[in-house]
Visitor: 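Next up is a structure, given as structure tokens.
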Amino acid sequence: MSAYGAPQVPAEAVLNTNENPYPPSPELQAQITQAISQIVGTLNRYPDRDAVILRSALASYINERSQTNFGSENIWAANGSNEIIQSLFLACGSGVALGFTPSYSMHALISNVAGTTWINGERNSNFTFNSEIAVEQVEKLKPTLTFITTPNNPTGDAVPLAEIETLARAVAMHGGLLIVDEAYAEFSPEESAVSLIQAFPHIVVIRTMSKAFAFAGARVGYLVADLHIVNAMMLVRLPYHLSAITQAAAKVALDFRTELLGNVSQLVAARQELVKALNDLGLTTVPSAANFILFTGFKATSPQLWAALLEKGVLIRDVGLSSYLRVTVGNEAENKVFLEALTELL
Ligand SMILES: *Cc1c(COP(=O)(O)O)cnc(C)c1O
């Protein structure tokens, strides 16, 4: 096996891990600093191990966006959604896990590390999700955990809610969980699968503050689910896993959601411009509902073009798909540097 290893190398434009290019505003920085300074005198004490204030705030945020009625008992928060994924495997990972690849590589890696057999399911040849094939695979394999990523990483396509519901029905027939990884939900026009949880309590929706909330460095991810799932998370979590500093900072970032989601709209507009620019260069782009674009149509191999871009100060991602590369939508300056470098190299 090999460890997760997106290169962390200095570059003029860092567009390889789907981070949000906008740092916290001076107001947000000041409020986070103030919130931390208010608790710094109590760091001799363990944090609230149930993170109730943060989980309530996350429930309000989800309810506001999806017209749902969740409470803190339907939310579990952890150090990034990767910890959420790991906890799901710890709690429910006996048997087989299925995901439809290419998708987020950490699903398979965490599965294997946790000792759960991982199976790569299929998609259409244009990478879109095929619910018919997915249902067939679920019926055949009866996985304990079935993963669906929407918008999918690294391809960017969003799965329509009706297709998630179709898959949920198939999963319900044999009693597994359907894990919907919505790390990029805020960038997508598609409705969130949280609206299906009441009817399908075996659906678990995973979200993160790393992308839309521009909070990757703070490490905050969460799930939305039936309270029985949350109870299972409490069994497998390490006591006091989420630091008091993290909880306080995340609560402030949620209070700034209007400002932060404004930046998301800006990134969606920038994505559309970047798609057009790539198409104007004669490249083919995979339709994206996220903050990144998978593209193809260049003559060099993916590793060659990736290295040549890095030499020009632009770090993007070779996701291991032959003749494709993935670029994160950056700020105006970064997108310009990327397009200029690419134009010179094509
Ligand atoms: C970026 C990403 C995550 C986020 O991981 P964090 O641990 O929350 O930073 C989760 N799932 C997918 C599909 C991602 O692309």
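Start at 1 with the first residue, then count along the sequence.
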Visitor: Would you say T144's side chain and S94's backbone share a donor-acceptor pair under 3.5 angstrom?
Guide: yes
Visitor: In terms of heavy-atom contacts, does CD of E12 have more than 12 from other residues, nucleotides or ligands at under 6.0 Å?
Guide: no
Visitor: Within a reach of under 6.0 Å around OH of Y46, are more than 12 heavy atoms found that belong to other residues, nucleotides or ligands?
Guide: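 Count not over threshold, so no.
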Visitor: Mark yes or no for whether S60, through its side chain, and S56, through its backbone, hold a donor-acceptor pair below 3.5 Å.
Guide: yes
Visitor: In chain order, what residues pass the side chain to side chain donor-acceptor pair (under 3.5 Å) check against N152, with sequence neighbours excluded?
Guide: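 Per chain and number, N152 pairs via side chain to side chain donor-acceptor pair (under 3.5 Å) with S103, R123, T155.
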Visitor: Please round to the nearest 0.5 Å and tell me the distance separating atom CG of D318 and atom CG of L309.
Guide: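 With rounding to 0.5 Å, CG (D318) is 11.0 Å from CG (L309).
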Visitor: Run the side-chain contact (heavy atoms from CB on, under 4.5 Å) test on F215 and N20 for me, step by step, so that the C-alpha distance in whole Å, both residues' side-chain angles and the decisive distance to 0.1 Å come before the verdict.
Guide: CA-CA 8 Å; F215 222 48; N20 192 310; over 6 Å; no
Visitor: Name every donor-acceptor pair, under 3.5 Å, that has one atom in a side chain of residues 277-284 and the other anywhere in the protein, sequence neighbours excluded.
Guide:
residue: N279; atom: ND2; partner: L283; partner atom: O; Å: 3.0
residue: N279; atom: ND2; partner: T285; partner atom: OG1; Å: 3.2
residue: D280; atom: OD2; partner: K276; partner atom: NZ; Å: 3.0

Visitor: Which value, rounded to the nearest 0.5 Å, describes the distance between K211 atom NZ and E182 atom CD?
Guide: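 It comes to 13.0 Å.
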Visitor: Check the angle between the aromatic planes of H202 and F200 and answer parallel, tilted or perpendicular using the 30° and 60° thresholds.
Guide: perpendicular
Visitor: Run L223 and L88 through side-chain contact (heavy atoms from CB on, under 4.5 Å) and show every step you take.
Guide: CA-CA 10 Å; L223 62 69; L88 285 165; 4.2 Å; yes
Visitor: For N82 and Y104, does a side-chain donor sit closer than 3.5 Å to a side-chain acceptor?
Guide: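 Yes, a side-chain donor-acceptor pair sits under 3.5 Å.
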Visitor: For N335, give me all partners under side chain to side chain donor-acceptor pair (under 3.5 Å), at least two apart in sequence or on another chain.
Guide: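 Result, side chain to side chain donor-acceptor pair (under 3.5 Å) vs N335: none returned.
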Visitor: Assess, by modelled atom type and distance only, whether the side chains of T128 and N124 contain a donor and an acceptor separated by less than 3.5 Å.
Guide: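 Yes, because at least one side-chain N or O of T128 sits under 3.5 Å from a partner of the opposite role on N124.
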Visitor: Just by modelled atom types, is the S72 backbone N or O under 3.5 Å from a matching donor or acceptor in the R55 side chain?
Guide: yes
Visitor: Mind checking whether F89 and F147 have parallel, tilted or perpendicular rings, split at 30° and 60°?
Guide: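 If you compare the ring of F89 with that of F147, the planes turn out parallel.
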Visitor: Is it true that the side chains of E163 and T166 contain a donor and an acceptor less than 3.5 Å apart?
Guide: no
Visitor: Got more than 12 heavy atoms from elsewhere within 6.0 Å of CD1, I53?
Guide: no
Visitor: Does T296 use its side chain to pair, donor to acceptor, with the backbone of S323 at less than 3.5 Å?
Guide: yes
Visitor: Using 0.5 Å steps for rounding, measure from the CD1 atom of I293 to the CD atom of Q272.
Guide: 9.5 Å
Visitor: Just by distance, with hydrogens left out, do N16 and R326 show a side-chain donor and acceptor under 3.5 Å apart?
Guide: no
Visitor: Please tabulate, one pair per line, all N/O donor-acceptor pairs under 3.5 Å involving side-chain atoms of residues 337-346, not counting sequence neighbours.
Guide:
residue: E340; atom: OE2; partner: K336; partner atom: NZ; Å: 3.3
residue: T343; atom: OG1; partner: L339; partner atom: O; Å: 2.5
residue: E344; atom: OE1; partner: K312; partner atom: NZ; Å: 2.7

Visitor: Return a table of donor-acceptor pairs under 3.5 angstrom between the side chains of residues 26-36 and protein atoms on other chains or two or more places apart.
Guide:
residue: E27; atom: OE1; partner: S25; partner atom: OG; Å: 3.3
residue: Q29; atom: NE2; partner: P24; partner atom: O; Å: 2.8
residue: T33; atom: OG1; partner: Q29; partner atom: O; Å: 2.7

Visitor: Using the test side-chain contact (heavy atoms from CB on, under 4.5 Å), find all partners of S66 that sit at least two apart in sequence or belong to another chain.
Guide: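 Counting only residues at least two positions away or on another chain, S66 forms a side-chain contact (heavy atoms from CB on, under 4.5 Å) with T68, S192, V194.
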Visitor: Look at atom CD of E64 and say whether more than 12 heavy atoms of other residues, nucleotides or ligands are closer to it than 6.0 Å.
Guide: yes
Visitor: Mind checking the CG-CG spacing from D48 to L242? Nearest 0.5 Å is all I need.
Guide: 9.5 Å
Visitor: Does Y222 have its ring centroid less than 6.0 Å away from the ring centroid of Y61?
Guide: no
Visitor: Between T42 (side chain only) and I39 (backbone N and O only), is there a donor and an acceptor less than 3.5 Å apart?
Guide: yes
Visitor: Quick check for you: to the nearest 0.5 Å, what is the distance between L15 atom CG and T328 atom OG1?
Guide: 6.0 Å
Visitor: Would E186 and R207 count as a salt bridge (charged side-chain N to carboxylate O under 4.0 Å, His left out) if you check the C-alpha gap in whole Å, the side-chain angles of each, and the deciding distance to 0.1 Å?
Guide: CA-CA 10 Å; E186 287 89 345; R207 302 285 282 262; 3.3 Å; yes
Visitor: Are N79 and H241 linked by a side-chain donor-acceptor pair shorter than 3.5 Å?
Guide: no
Visitor: Centres of the Y324 and F127 rings: under 6.0 Å?
Guide: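 Yes; F127 has its ring centre under 6.0 Å from that of Y324.
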Visitor: Taking atom CG of N130 and atom CD of Q137, what is their separation to the nearest 0.5 Å?
Guide: 8.5 Å
Visitor: Would you confirm whether S87, through its side chain, and R237, through its main-chain N or O, come within 3.5 Å as a donor-acceptor pair?
Guide: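 Not confirmed, S87 side chain does not pair with R237 backbone.
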